[in-house]
Amino acid sequence: MIALGADHAGFYLKEAIIEYLKKNNIEYVDHGCYSEESVDYAIFAKKVADDVADGKAEKGILCCGTGIGISMAANKVKGIRAAVCTNEFCAEMTRRHNDSNVLAMGGRVIDAETAVKLTDIFLNTEFEGGKHLRRIQQIAMIENGEDF
Ligand code: RB5
């Protein structure tokens with residue numbers, strides 16, 4: 001299950017991603033928004049991040065104007081590693097090295113075709129583990145207020 005969310009500026013990217021998920025028979029939940037009427041991105045970031053953190057969704061995808069605000073909001077939820085990606089290299093590396101569980105993209109930065117390509121890479125690239133596991137564990141320690 002993939003959890004999706006967007007604000008008005010990311011709405012059209014989300015719609016393109018939904019088409020991709022449908023074509024590939026990938027289950028998803030669409031937390032909105034559902035039009036280009038102006039809304040606040042943190043609302044949708046929280047719904048998607050909560051689904052991922054609670055294990056209801058394996059991964060999340062969030063879209064706003066830049067991908068930045070919505071990723072910042074998602075990253076406030078414990079256990080979330082949301083990555084803003086603008087190109088294929090970043091989408092691949094954030095899975096391989098950061099084990100990102102939320103992909104964030106910007107509708108004012110990339111086009112729908114690129115968003116679908118980055119989604120495909122994000123959903124089909126495995127985490128490498130090894131030294132990268134130690135590094136994401138250190139991120140979790142910061143989140144938990146622990147020293148290392
Ligand atoms: C909305 O205008 C815009 O600020 C928002 O979509 C996002 O880009 C914030 O980071």
Side-chain angles (χ1 to χ4, degrees), residues 1-130 132-133 135-140 142-143:
M1 172 74 74
I2 306 300
L4 302 174
D7 75 356
H8 52 289
F11 171 74
Y12 80 97
L13 292 189
K14 176 169 68 64
E15 297 309 291
I17 292 163
I18 286 172
E19 285 312 305
Y20 160 87
L21 295 173
K22 280 183 182 164
K23 257 187 225 158
N24 289 281
N25 294 314
I26 298 169
E27 273 191 84
Y28 66 91
V29 56
D30 180 5
H31 285 299
C33 64
Y34 304 110
S35 77
E36 291 187 345
E37 189 183 328
S38 184
V39 288
D40 298 333
Y41 54 77
I43 295 165
F44 308 96
K46 179 161 173 23
K47 288 178 192 220
V48 167
D50 282 347
D51 269 7
V52 175
D54 294 348
K56 289 182 193 153
E58 185 195 328
K59 291 193 180 82
I61 300 177
L62 289 168
C63 306
C64 67
T66 57
I68 296 171
I70 209 159
S71 67
M72 285 178 161
N75 276 320
K76 295 295 179 188
V77 175
K78 194 174 157 77
I80 294 303
R81 290 180 301 281
V84 184
C85 293
T86 57
N87 60 52
E88 296 182 21
F89 178 74
C90 289
E92 180 181 338
M93 296 313 292
T94 198
R95 284 291 311 133
R96 284 174 55 185
H97 286 191
N98 313 130
D99 198 18
S100 297
N101 47 19
V102 174
L103 170 64
M105 295 176 285
R108 295 171 181 160
V109 181
I110 60 172
D111 60 18
E113 191 187 341
T114 305
V116 167
K117 182 68 194 163
L118 302 194
T119 297
D120 185 58
I121 292 168
F122 180 75
L123 296 182
N124 291 295
T125 304
E126 295 300 319
F127 178 49
E128 280 178 17
H132 303 294
L133 176 61
R135 291 166 184 167
I136 66 166
Q137 283 168 342
Q138 290 167 345
I139 296 174
I142 296 171
E143 193 170 59

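This is a predicted model, so every value here is computed, not measured.
Evaluation of the side chain to side chain donor-acceptor pair (under 3.5 Å) rule for K46 yields D50 as partners, not counting sequence neighbours. With sequence neighbours excluded, no residue forms a side chain to side chain donor-acceptor pair (under 3.5 Å) with Y28. Annotation: side chain to side chain donor-acceptor pair (under 3.5 Å) contacts of D54 (sequence neighbours excluded): none. Under the salt bridge (Lys or Arg N to Asp or Glu O under 4.0 Å) criterion, K59 pairs with no residue at all, not counting sequence neighbours. Every residue meeting the side chain to side chain donor-acceptor pair (under 3.5 Å) condition with K78, not counting sequence neighbours, appears here in chain and number order: N144.
The closest side-chain heavy-atom distance from D51 to H31 is below 4.5 Å.
Sorted by first and then second residue, the ring pair (Phe, Tyr, Trp, His ring centres under 6.0 Å) pairs with a member in residues 55-87 form an empty list; sequence neighbours excluded. The side chain to side chain donor-acceptor pair (under 3.5 Å) analysis of residues 7-21, with sequence neighbours excluded, yields the pairs K14-D30, Y20-D120. Annotation: ring pair (Phe, Tyr, Trp, His ring centres under 6.0 Å) contacts involving residues 41-64, sequence neighbours excluded, are absent. Within the structure, the side chain to side chain donor-acceptor pair (under 3.5 Å) test picks out the following pairs touching residues 103-112 (sequence neighbours left out): D111-T114. Legend: ring pair (Phe, Tyr, Trp, His ring centres under 6.0 Å) pairs involving residues 80-121, not counting sequence neighbours, sorted by first then second residue: H97-H132. Residue pairs that meet the side chain to side chain donor-acceptor pair (under 3.5 Å) test with at least one member in residues 84-96, sequence neighbours left out, are E92-R96, T94-N98, T94-S100, R95-D99, R96-E128.
The two residues A91 and L118 have their closest heavy-atom pair at CB-O, 3.9 Å. A pairwise comparison of heavy atoms in L13 and C63 identifies CB-SG, 3.8 Å as the closest pair. Contact detail for C85 and I110: the closest heavy-atom pair is O-CD1, 4.4 Å. Closest of all the heavy-atom pairs between A16 and V116 is O-CG2, 3.7 Å. Taking all atoms of both residues into account, the shortest heavy-atom contact from T119 to M105 is OG1-CE, 3.6 Å. Taking all atoms of both residues into account, the shortest heavy-atom contact from A3 to V48 is O-CG1, 3.7 Å.
Residue L21 holds its CG atom at 11.0 Å from CE of M1, rounded to the nearest 0.5 Å. We find the CD1-CD1 distance between I18 and I2 to be 12.5 Å, quoted to the nearest 0.5 Å. Atom CD in E143 sits 13.5 Å away from atom CD in Q138 (nearest 0.5 Å).
Judged by distance alone, with hydrogens and angles left aside, the side-chain atoms of N75 form a donor-acceptor pair with the main-chain N or O of A82 at under 3.5 Å.
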Report, one line per pair, each donor and acceptor closer than 3.5 Å where one atom sits in a side chain of residues 66-73; sequence neighbours left out.
residue : atom : partner : partner atom : Å
T66     : OG1  : I68     : N            : 3.0
S71     : OG   : G67     : O            : 3.0
S71     : OG   : I68     : O            : 2.8

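The number of heavy-atom neighbours closer than 6.0 Å to CG of N124, taken from other residues, nucleotides and ligands shown, is above 12.
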